[in-house]
Amino acid sequence: AGTALATGEKTNNGVIGQNAEGKDISILAQTSPLENTVNDSTSYHPLSVMLSLGNVSVEGQDSLSIRLRNSKNMATVSPSKDDRAVPVVMVRSDNKFLRAKSGLNRLFLKNLAFDAKARMNKPRSKGLFKQYADSLYRVHPDWNRDSLRAHLQARYKRAETPSWMKEEDFLKSDISFDFGETFRKYFTQWNMDGTLSMDMASVATPAFPLRTSLSDFHGSFNNDAVTLDSFRLRSGASRLSANGSVSNLRNAMLRKGVIKARLNLNSDTLSASELLNAYALGQKNMHTDLSYLADVDDDSYEELVTSDTTQLPTPLIVVPGNVDARLRIRGKGVSYSTLDIDDFRADVSMMERCMQITGLKAKSKDAGTVQADAFYSTESKQNICAGFDMYLLDISASKVIEIMPQIDTVMPLLHSFDGLLNCNMAATVQLDTNMNLITPTLDGVMRITGKDLHFNDSKEVEKIARLLWFKK
C-alpha cells in the first residue's frame, strides 16, 4: 500500500514561493516503496503527484514570467528498470490557458496538452579524456607522451571558421538557441520524449512584426528533434499548413551547431513580399532599443509590435548560416510584388547562407506561366550574388518589367515589344547590401520568341534602324 505524504487543500489567494503566487491550488502526493528497497538509500521510490492550479503566476529569472489558468497535472517519479539509482519522470499536463513572457517576446496558448517522459543521465566521468589517452597509449606503446598529446590536440583542434560565418553583421541574422544556463543544465541532465498538442497559440514579437497564430498543432519531441504531424499557421495575410521535422536541436543549443529542418508547406494564401519584409524588419528590430515595450499591457502590445510590411522597400535578406533546410512548397493564391499567382510549386534548400530553388512553376492569369531554377548567396557583404534560369511563357513585355524592374536598365528595348512573349533568360549577378544589381557583374543571355509580336515606334527602335540602315 502507499503512504500519503502531503495533501493540500484549495486556497483562495496566497504566495506559493518566493517568485510565485496563485489561488485555487490543490496538491496530492503519494509514495509506494518497492519491495526489497525500503532500506536502500540509493534507490528512487515511486512518487505520484497530482497538482491542480486555478490561477498561478510565476516570475522567473531573466524577465521570464508564466501565467497558468485551469491547469491539471499529474507526475510520477520511479526508478529506471535498468538502474534503480536513476530516476524516471512521467508527466501529463492539460492547460486551458498559458501566457509566457520573456524579454520582448510574448506567447499565448489555449488548450495545451502534453505527455512527457524524462530519464536522468548518469554523470559523465571527468576522466574520460585520460581514459582515451591511456587506451591510445596501449595501442601505440612506441609513441612518447608528447607525440600522444600532439595527436589528441590535432584530433580535437577546433575547425577553422568557414567563410560564410565570418561576416559579423550577418551573424545577427542566425537563429538564436540560447535559452539560458538553467535550461542548458536540465537539457543536458535529462533525456526527454513526449507528445504535444494545442488548439491555438499566438505570438507577439518584434523579431517578426506580423500578427502570427498557430492552430490545430499535433506533434512529438525528444532532446534532439521535434516532429510536426500537422499544424496551421496564420501570419499577416498568409495562411499555411505544414508537417515535417526539425532536428539536431541538441547540437544547436549546446554547441551552436546547425539546425536541420525538413518541412512540407501548403498554402491557401501566401504573401511572399510581406513575409520577407517582416523577416528583414525583425532583424533590424533586434538591434533597436525597444525596452519601452517591456511593461506594455497585452492588449496594446500586439498593436505596437506589428507593422504593415507590404509597403516597405525590399530589404537585404540574409540567409541564416546555422540552418540546413529542405522545404517542399505547394501553394495557391501566392502574391509577390505586383504578381498574383494562382498555382505555385517549388523545392527550396538552404545551407551555408545559400538558398537554392529548384522545380519552380507558377501559373498566373495575367502573367502566363513561369518555370525557373535559381540560387541566392549571402556569404559576405562583398559576396552577395544571385542567378537564375527562367522560362516565361505567354507573358507581356510590360509584365516582365513589372516582375523584374532591373531588367529595364539592362534591356530598355523590351519596352518596344507588343504581344505575348516567350522569354528564356539565364543570368548571374552580384548585388549590393541594398539589393541593387551591380550592373558590370551581370552575365547572362536572353532569347525571345512569341505570338503576334511587333515593335512600337520608339526612340530605341529608331536608333537601331539608323545604325542598321533599315528603311522605315
Side-chain angles (χ1 to χ4, degrees), residues 62 102-105 152-181 183-185 187-188 205-209 223-226 244-263 275-289 314-327 329 346-358 373-388 428-438 441:
D62 302 325
S102 179
L104 297 176
N105 306 310
L152 291 175
Q153 288 175 347
R155 184 182 180 92
Y156 290 99
K157 182 180 179 181
R158 184 180 295 273
E160 182 182 354
T161 302
S163 57
W164 68 85
M165 296 297 284
K166 291 182 178 180
E167 185 66 62
E168 291 293 331
D169 287 343
F170 286 4
L171 291 176
K172 300 172 185 177
S173 299
D174 291 348
I175 299 175
S176 175
F177 292 96
D178 185 6
F179 296 100
E181 191 59 35
F183 182 87
R184 287 169 58 91
K185 176 182 176 182
F187 194 79
T188 304
T205 172
F208 196 77
N223 279 51
D224 196 53
V226 175
S245 65
V246 179
S247 61
N248 206 37
L249 297 176
R250 182 191 293 273
N251 194 30
M253 292 181 182
L254 302 182
R255 303 179 189 88
K256 296 184 178 180
V258 175
I259 188 171
K260 296 182 179 180
R262 304 291 183 265
L263 297 173
L275 294 175
L276 290 173
N277 289 340
Y279 171 77
L281 181 58
Q283 295 301 312
K284 180 181 178 181
N285 286 342
M286 298 310 293
H287 309 289
T288 304
D289 184 10
T314 303
L316 174 64
I317 304 298
V318 179
V319 182
N322 61 341
V323 173
D324 175 357
R326 303 288 186 273
L327 310 178
I329 304 174
D347 296 324
V348 180
S349 301
M350 288 188 288
M351 189 178 188
E352 300 176 0
R353 292 209 193 287
C354 294
M355 178 187 298
Q356 182 182 36
I357 302 174
T358 57
D373 295 321
F375 78 89
Y376 174 63
S377 173
T378 55
E379 182 177 299
S380 66
K381 289 182 178 179
Q382 292 73 38
N383 190 13
I384 304 172
C385 59
F388 62 86
T428 60
V429 67
Q430 296 284 120
L431 297 91
D432 61 23
T433 53
N434 292 318
M435 294 289 284
N436 297 314
L437 301 183
I438 302 175
T441 68

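Keep in mind that what you see is a predicted model, and the values were worked out from it rather than measured. In this chain, residues are counted from 1 in sequence order.
In terms of heavy atoms, Tyr279 sits closest to Phe208 at N-CE1, 3.8 Å. Gln430 approaches Thr441 most closely through the heavy-atom pair N-OG1, 2.9 Å. Between Ile317 and Leu276, the shortest heavy-atom contact is CD1-O, 3.5 Å. For the pair Leu316 and Thr433, the tightest heavy-atom approach, listed with the atom from each and the gap, is CB-O, 3.3 Å. In terms of heavy atoms, Ala278 sits closest to Pro209 at O-CD, 3.3 Å.
At a threshold of 4.5 Å between non-hydrogen side-chain atoms, the residues Leu431 and Leu437 count as touching. Considering only heavy atoms from C-beta on, Val319 stays 4.5 Å or farther from Phe170 through its side chain. Contact of the Thr428 side chain with the Phe375 side chain is registered, since non-hydrogen atoms from C-beta on lie closer than 4.5 Å. At a threshold of 4.5 Å between non-hydrogen side-chain atoms, the residues Met351 and Gln356 do not count as touching.
Atom OG in Ser349 sits 7.5 Å away from atom CG in Leu327 (nearest 0.5 Å). Taken to the nearest 0.5 Å, the CD1 atom of Ile384 stands 10.5 Å off from the CD atom of Glu379. Rounding to the nearest 0.5 Å places CG of Asn223 at 9.0 Å from CG of Leu254.
For Asn434 (side chain) and Asn436 (main-chain N/O), no donor-acceptor pair under 3.5 Å exists by modelled atom type. Not a single donor-acceptor pair under 3.5 Å links the side chain of Asp347 to the backbone N or O of Arg326. A donor-acceptor contact shorter than 3.5 Å is absent between the side chain of Tyr376 and the backbone of Ile357. Here the side chain of Asp174 pairs a donor or acceptor atom with the backbone of Gly321 at under 3.5 angstrom. In this structure a side-chain-to-backbone donor-acceptor pair under 3.5 Å is missing from Arg262 to Gly244. Thr378 places a side-chain N or O within donor-acceptor distance of the main-chain N or O of Arg353, the cut-off being under 3.5 Å.
Counting non-hydrogen atoms of neighbouring residues, nucleotides and ligands closer than 6.0 angstrom, the NZ atom of Lys256 reaches no more than 12 such neighbours.
Arg250 pairs by the salt bridge (Lys or Arg N to Asp or Glu O under 4.0 Å) definition with nothing, not counting sequence neighbours. When the side chain to side chain donor-acceptor pair (under 3.5 Å) test is applied to Thr205, the partners found at least two apart in sequence or on another chain are Asn105. Looking at residues two or more places apart in sequence or on another chain, you find a salt bridge (Lys or Arg N to Asp or Glu O under 4.0 Å) between Asp169 and Lys172, Lys381.
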Pair Ile259, Val323 - check side chain to side chain contact (heavy atoms under 4.5 Å, CB included), show working.
CA-CA 5 Å; Ile259 188 171; Val323 173; 3.7 Å; yes
Residue pair Glu167, Gln382: steps toward the side chain to side chain contact (heavy atoms under 4.5 Å, CB included) verdict:
CA-CA 10 Å; Glu167 185 66 62; Gln382 292 73 38; 3.9 Å; yes
